[in-house]
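These notes concern the structure reproduced below.
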There are 2 protein chains.
Amino acid sequence: MAADSERSDKSQVVERTCAILREMGRYGQRGARLIDLTERTGLSRPTVHRILTTLGAESFVQRTNDRRYRLSPVMYELGLAAPSPVGDPEKLRPVIQALANQCGDTVYLAMRTGDFAHYLLRCEGAYPIRTHVVAANQTLHLVSGHSGRALLASMPEDEAEDIITRASRDRHLFGEATPDGLREEIEKVRQKGFGWARDVTFVGVAGLTVPVPNPRGAAYLAITISSIPQRLTPDRAQALVKDMRAAAAEVTRIVSASTAS
Amino acid sequence: MAADSERSDKSQVVERTCAILREMGRYGQRGARLIDLTERTGLSRPTVHRILTTLGAESFVQRTNDRRYRLSPVMYELGLAAPSPVGDPEKLRPVIQALANQCGDTVYLAMRTGDFAHYLLRCEGAYPIRTHVVAANQTLHLVSGHSGRALLASMPEDEAEDIITRASRDRHLFGEATPDGLREEIEKVRQKGFGWARDVTFVGVAGLTVPVPNPRGAAYLAITISSIPQRLTPDRAQALVKDMRAAAAEVTRIVSASTAS
DNA sequence: AAATCAAAGTCAATATGTTGGACTTTCGGA
DNA sequence: TCCGAAAGTCCAACATATTGACTTTGATTT
């Protein structure tokens, strides 16, 4: 190891363990290969292997049958003992439901987790044609959904690029889109502050998405309206984005309030 | 440290880190004091402190303002990247809803997490007087709810005793009950295989609870029917318990199927 | 079916990071 | 203001982690 300039009463092994766990979190339920983790953490293979073996013995990690490592249900349970970054999502439902009532379409609130967007809430509007492509509590890769586009646009460019690059190996994650197409879309989201796309999650469904501003860094929440493309004309989208941003600000307010304890 | 008889390519620090994290999980969002963790893990204070400091720097752990340590939202997010021990709880809803339809009352499915019961599902029956004391996604201390009684009864006695002892410091967790009263109740649950109690979560509300058998060890799920005491007479309870056990068996079946991948 | 290659897994000599007893500081209660 | 309990710090001793080099596994190709 190179000289560590940082003074510390910190444990090197713990740091490395955290790095590995964090990295595994990115790979979700599919799991990461040993070599993925060594490359991404910069640690030597035996080191990663030993830590993984130990985490496995503690059942924090499981080895899948195709020699991948993923976080185990024990980690899920541990997570439940920790406060959610947004507090109780139900506190946010009124805001999202109000938006759904206003626009008549289906509105989602999604939270970023590693390379994925976890859909916390889905609220229905009154418009009779409903798009139910994603359910509450579902998790979609950031490159696979509308909310993911807003979230990717909000994070540092190299981080987003890293996620897209890595996802490119699994072409099916992109559906009708392509990695390069997505890069362009995200660039547009960065410029305009909202995303509009169709046929992303499902052919014949369009989505409008905005990131929820986060005073402490990159957004980890996004609000998305899902509808049929005919209902999301540029004019209407313009108006909706205004409402969405208002709702987003409200969400920020509520989350900040419940987090400051 | 005593001699470690076990050969290993395991990392001591990782083992210790896991022990600390697991222990912190037990304490939930209130957090644990340094001394709690040193006592319960048997590690020296400087060691625990150093590991906690590192976990804090990695933001896996946060220090509350009253000098307690608790798992951070980062852990919550990590947990979302791991598979839930029960797979998607929505797959279990039909079973619980069917039971609710059958009995007419409110039925819960709860999962154990550390010292707590996390309520996954709440299904409504048709009976007009409804008891809505607990919401879905809420978390209650094991000593504070009906499901917790079933879960405590299912675990090794010393583990249950440890949880009750520790909880005894916070008398308010017990509501109208007392630690000793609870111990008796739980002994009854062990003998009869179900729990009946009133005024636990709320005065004027009664609950009937059974553990969901887990082929791989102690139950971590419980089914609970909540109603007014008049509706849970001994005779009716007897009949309901039969239905609940059938539902529990069905839950076991579904969970086992979705876990075997 | 054999060959090939990439990734996983193992080992052990070395040096590095970890350990915990003893000391100091902080905080909450009286 | 004082007091005790818990938190936090330091450093010499040494147990533990580290990684280069080696072996094994399993998937893919010929």
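Bear in mind that the values here come from a model prediction, so they are computed numbers and not experimental data. Chain identifiers are assigned alphabetically (A, B, ...) following the order of the sequence lines, protein sequences preceding nucleic acid strands; residue numbering begins at 1 within each chain. Both backbone and side-chain heavy atoms feed into the values below; hydrogens, waters and symmetry mates do not.
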Exercise. Take the protein atom NZ of B:K10 and the nucleotide atom C1' of D:dT18, then report the distance between them rounded to whole Å.
Key: 19 Å
Quiz prompt | Phosphate contact (D:dT18 OP1 or OP2) by A:Q12 side-chain N/O below 4.0 Å | solution = yes
Quiz item: Hey, is the side chain of B:Y69 poking within less than 4.0 Å of OP1 or OP2 on D:dA6, counting only N and O atoms?
Solution: no
Practice problem: Indicate yes or no: does A:E176 engage A:R198 in a salt bridge with an N to O separation below 4.0 Å. | Solution: no
Exercise. Could you tell me whether B:R149 and B:E184 make a salt bridge, using a distance below 4.0 angstrom between a side-chain N and a carboxylate O?
Key: no
Exercise. Calculate the interatomic distance between A:D66 atom CG and C:dA7 atom P; express it in whole Å.
Key: 14 Å
Quiz item: Below 4.0 angstrom, N of the basic side chain to O of the carboxylate: do A:R33 and A:D66 qualify?
Solution: no
Practice problem: Please list, by residue number, the residues of residues 46-56 of chain A whose heavy atoms come closer than 4.0 Å to an atom of DNA chain C; answer none if no residue qualifies. | Solution: A:P46, A:H49
Self-check item: Ionic contact status for B:R26 with B:D115, cut-off 4.0 Å
Solution: yes
Quiz item: Of the residues in residues 21-36 of chain B, which ones touch DNA chain C at a heavy-atom distance under 4.0 Å?
Solution: none
Quiz prompt | Value in whole Å for how far the C1' atom of C:dG9 lies from CG of A:L43 | solution = 17 Å
Practice problem: Assign each of A:S11 and A:R63 to its nearest nucleotide of DNA chain C by heavy atoms, then name whichever residue's nucleotide is nearer the 5' end. | Solution: A:R63
Quiz prompt | Of A:R67 and A:R45, the one whose closest DNA chain D nucleotide lies more 5' | solution = A:R45
Quiz item: What residue pairs, at least two apart or across chains, pass ring-ring contact (aromatic ring centres under 6.0 Å, His included) with a residue in residues 140-172 of chain B?
Solution: B:F116-B:H141
Exercise. May I ask you to check if A:R166 and A:Y27 form a cation-pi contact, with NZ or CZ under 6.0 angstrom from the six-membered ring centre and within 45° of the axis?
Key: yes
Quiz item: Just checking, any donor-acceptor pair under 3.5 angstrom between side chains of B:S147 and B:T224?
Solution: yes
Self-check item: Polar contact flag, side-chain donor to acceptor under 3.5 angstrom, B:S168-B:T165
Solution: no
Quiz item: Taking it one step at a time, do A:D170 and A:R30 satisfy salt bridge (Lys or Arg N to Asp or Glu O under 4.0 Å)?
Solution: CA-CA 12 Å; A:D170 290 310; A:R30 169 122 189 251; 3.3 Å; yes
Quiz item: Rounding to a whole Å, what distance do you find between B:E15:CD and D:dT16:P?
Solution: 10 Å
